[in-house]
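See structure below.
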Amino acid sequence: MDDYLFEANVSRCKHVTELTTYLEIFSYSDPSYNSVEEHPLTPDEFDNYLHRRGAFAPPKLPAGVVQLSCIRLVLQQEAKHPETFTPHVISLRPEVYKSMVVTMNLPYRAIESTSVVGPFFWAAWDQDEINPHLQIVYRKSDVRKKGYTRGWELMLSHDVNHGITTGFAKGTPSSDMVDCIKHLKACVLQVGHPMLLPIIIFSHDISYKTDIKQRDARDWLRRLEHAVSMRSEIEEREGYVKEGVVDLDAINRDLVECHSQVLWKRPKAYLEILACIDKACHNFLEKLPEERQDGEMRKLQASMLARLEFYRVKLQGIESYAYTTLQRLEIQRSALYNIIAQKESKLNFQMAAEQRKIAHAGKRDSTAMKWISLIGAVFLPGAYLASVFSMTFFNFQNTGTDQPAVAKSFWIYWAVDVPVTILIVAGWYVWEKRREAKYDREDADLERGSEDMEKNIMASMRKRTLSKVSTWDTKKKE
């Protein structure tokens, strides 16, 4: 099954080209023969390196000198291709990658870890009971930054009977792979332990940078606490006050940034990795042949376990420190929301006061209009009658003559006035009805739009609910 899955996953991957070198570290019974060599590895020499032919053939040793341990690695320390840590991407041609994995007895399952998230560590024995190999996969890849993927990976296989470790290591410039290899070169006498390079990489991954990040986050939090608590002497120094007004947007933005910085390299994941490395160390010692269990190997094993315990205590301290910082951040966020709510409440009170002033002004205006209307109602009948009696249809000056005071043609005034009045009132009535009908149509359109929006929201919520239910059913079946 492993062979088939390995072939299927390799065929699925696309490959990119990276600068490749090799590293060979040999430790002998006579320390004067110990050697450390790192050189470029060209494609035409790759197969010779794998099978130790030509320039890579084992050296002839004088009588009495034996090889104690060695480590042989294919390195890509400065992987610069933008896709090098994208899922289903390898940095060697497929046939070369297969040959390397098979010849060096590297773990087949490593090809299935190209898409894992976060730090990942796996160690297990192969199925060879006569000459068992401890296989290790250790990697970490991150999201793109400035268009480039980031991360590192390590594949190792350790021959427990002969003390030979083979593997493949790759890292981007943002990783510490170059420093880890330098550290490995300085540990020639300890290369017989398969967990040497993984522990070196782990120590660089949780280096002093993590502690500094947490310290900086705590100092940042303290400044934010001063700003939220409105300590004016601190606010002016930290720049959260602009023209006498506290910049709540800047405080909220910095709270989010500080929160993300505290969550950088969360200790919980690294504690899990640490437990796996510790378990692999104990498994290695259990299967280590007696002829290799000398004082130096046991001393190295004890040193590694002590270092792992040191890292465990350190990570627990970081986790406790980060937890306290997160709790204080939550308190400041709640306090900030309360401040914003208070400011909004004050603003609402101010708006209500302004609206009350406007209402009082409107009331005063309406009172004045009532008096004006009353005065108009009092004087309008008299003005109307005066204008009517002032027309030529009336002649009250010739009261002593036979001429009547009201002309016989007075009916003409009413014959014109009444139809014109009726026409104007009818026109106004028709215009008002059309305007009301238009408003009714607009109200109906708005109501239909609201109903359609509500139906769409309900439909989308129903679809999401059905999809969650189907997903849950699928998981239950699996």
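On a predicted model such as this, the values are computed, not experimentally measured, just so you know.
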* For L197 and T165, run side-chain contact (heavy atoms from CB on, under 4.5 Å): C-alpha distance rounded to whole Å, both residues' side-chain angles, the deciding distance at 0.1 Å, then the answer. => CA-CA 10 Å; L197 184 54; T165 303; over 6 Å; no
For this session: With side-chain contact (heavy atoms from CB on, under 4.5 Å) as the test, would you mind laying out the steps for C258 and L224 before giving the verdict?
Result: CA-CA 9 Å; C258 185; L224 289 169; 4.3 Å; yes
Please assess V137 against L154 for the test side-chain contact (heavy atoms from CB on, under 4.5 Å), listing each intermediate value before the final yes or no. CA-CA 6 Å; V137 178; L154 177 68; over 6 Å; no
- Task: Report the C-alpha distance between F202 and Y311 in whole Å, list the side-chain angles of each, state the deciding distance to 0.1 Å, and finish with yes or no for ring pair (Phe, Tyr, Trp, His ring centres under 6.0 Å).
- Result: CA-CA 9 Å; F202 185 87; Y311 289 147; 5.7 Å; yes
What verdict does the side-chain contact (heavy atoms from CB on, under 4.5 Å) test give for K185 and E38, after you've listed the backbone C-alpha separation in whole Å, the side-chain angles of each residue and the deciding distance to 0.1 Å? CA-CA 10 Å; K185 291 178 183 178; E38 182 182 2; 2.2 Å; yes
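Between the side chain of S69 and the backbone N or O of V191, no donor-acceptor pair lies under 3.5 Å. For S157 (side chain) and N105 (main-chain N/O), a donor-acceptor pair under 3.5 Å exists by modelled atom type. Put simply, the side chain of Q332 never gets that close to the backbone of L221: no donor and acceptor are under 3.5 Å apart. Panel note: side chain D176, backbone D179; no donor-acceptor pair is recorded below 3.5 Å. Side-chain atoms of S334 come within 3.5 Å of backbone N or O of E330 as a donor-acceptor pair. The backbone N or O of L134 lies less than 3.5 Å from no partner atom in the side chain of D126, so there is not a single donor-acceptor pair. Put simply, the side chain of R218 gets close to the backbone of Y321: a donor and an acceptor are under 3.5 Å apart. Side-chain atoms of Q135 do not come within 3.5 Å of backbone N or O of H158 as any donor-acceptor pair. Judged by distance alone, the side chain of T172 and the main-chain N or O of G151 form a donor-acceptor pair under 3.5 Å.
Interatomic distance, CG of L255 versus CD of E225, reported as 9.5 Å (0.5 Å rounding). Atoms CG and CG, on L5 and N9 in that order, are 6.5 Å from each other to the nearest 0.5 Å. Atom CG of residue L329 and atom CG of residue L263 lie 9.0 Å apart, to the nearest 0.5 angstrom. With rounding to the nearest 0.5 Å, the separation of CZ in F284 from CE in M304 is 8.5 Å. For the atom pair OG1 of T21 and CG of L73, the computed distance is 9.0 Å after rounding to the nearest 0.5 Å. Here CG of L184 is found 9.0 Å from CD1 of I201. Values are rounded to the nearest 0.5 Å.
Within a 6.0 Å sphere centred on CG of L19, heavy atoms belonging to other residues, nucleotides or ligands number 12 at most. Remark: K209 NZ is loosely packed, at most 12 non-hydrogen atoms of other residues, nucleotides or ligands lying under 6.0 Å away.
Residues T325 and W220 fail the side-chain proximity criterion, which asks for heavy atoms closer than 4.5 Å. Within the 4.5 Å cutoff, no side-chain heavy atoms of V101 are placed close to those of F168. No side-chain heavy atom of V89 sits less than 4.5 Å from a side-chain heavy atom of C13. Proximity of H51 to T103: side-chain heavy atoms (C-beta onward) are separated by under 4.5 Å at one or more points. Side-chain contact between W152 and K170: absent, with no pair of heavy atoms (C-beta onward) separated by less than 4.5 Å.
Annotation: side chain to side chain contact (heavy atoms under 4.5 Å, CB included) contacts of N131 (sequence neighbours excluded): D128, H133, D159, N161, H162. Taking K314 as the reference, D211 meet the salt bridge (charged side-chain N to carboxylate O under 4.0 Å, His left out) condition, with sequence neighbours excluded. Under the side chain to side chain contact (heavy atoms under 4.5 Å, CB included) criterion, D278 pairs with H282, L305, L308, not counting sequence neighbours. For E272, the salt bridge (charged side-chain N to carboxylate O under 4.0 Å, His left out) test picks out no residue, with sequence neighbours left out.
A tilted orientation is assigned to the rings of Y22 and Y49, their planes being inclined by 30° to 60°.
Among residue pairs with one or both ends in residues 260-269, those qualifying as side chain to side chain donor-acceptor pair (under 3.5 Å) are D205-K265; sequence neighbours excluded. Residue pairs meeting the salt bridge (charged side-chain N to carboxylate O under 4.0 Å, His left out) criterion with at least one member in residues 78-102, sequence neighbours excluded: E7-K98, E83-R144, R93-E95. Pairs engaging residues 112-123 under the side chain to side chain donor-acceptor pair (under 3.5 Å) rule: none recorded [sequence neighbours left out]. Every pair passing salt bridge (charged side-chain N to carboxylate O under 4.0 Å, His left out) that includes a residue from residues 14-32 is listed here, sequence neighbours excluded: E24-R72. Here salt bridge (charged side-chain N to carboxylate O under 4.0 Å, His left out) pairs that include residues 48-65, with residues two or more places apart or in two chains, are D47-R53. Applying the ring-ring contact (aromatic ring centres under 6.0 Å, His included) test to every pair with at least one member in residues 78-111, sequence neighbours left out, gives these pairs: F6-Y108. Residue pairs meeting the salt bridge (charged side-chain N to carboxylate O under 4.0 Å, His left out) criterion with at least one partner in residues 303-313, sequence neighbours excluded, are E309-R312. Every pair passing side chain to side chain donor-acceptor pair (under 3.5 Å) that includes a residue from residues 191-201 is listed here, sequence neighbours excluded: H193-Q301.
Taking every heavy atom of both residues into account, L106 and T166 meet most closely at CD2-O, 3.6 Å. Nearest heavy atoms, L61 versus Q67: CD1-N, 4.2 Å. Smallest separation of non-hydrogen atoms from P289 and V160: CD-O, 3.4 Å. Closest non-hydrogen pair, P194 versus L156, comes out as O-CD1, 3.8 Å. Between F26 and V188, the shortest heavy-atom distance links the atoms O-CG1, 3.8 Å.
D219 and R223 are joined by a salt bridge, as a carboxylate oxygen and a charged side-chain nitrogen come within less than 4.0 angstrom of each other. In summary, K140 and E153 do not engage in a salt bridge, as defined by a charged side-chain N under 4.0 Å from a carboxylate O.
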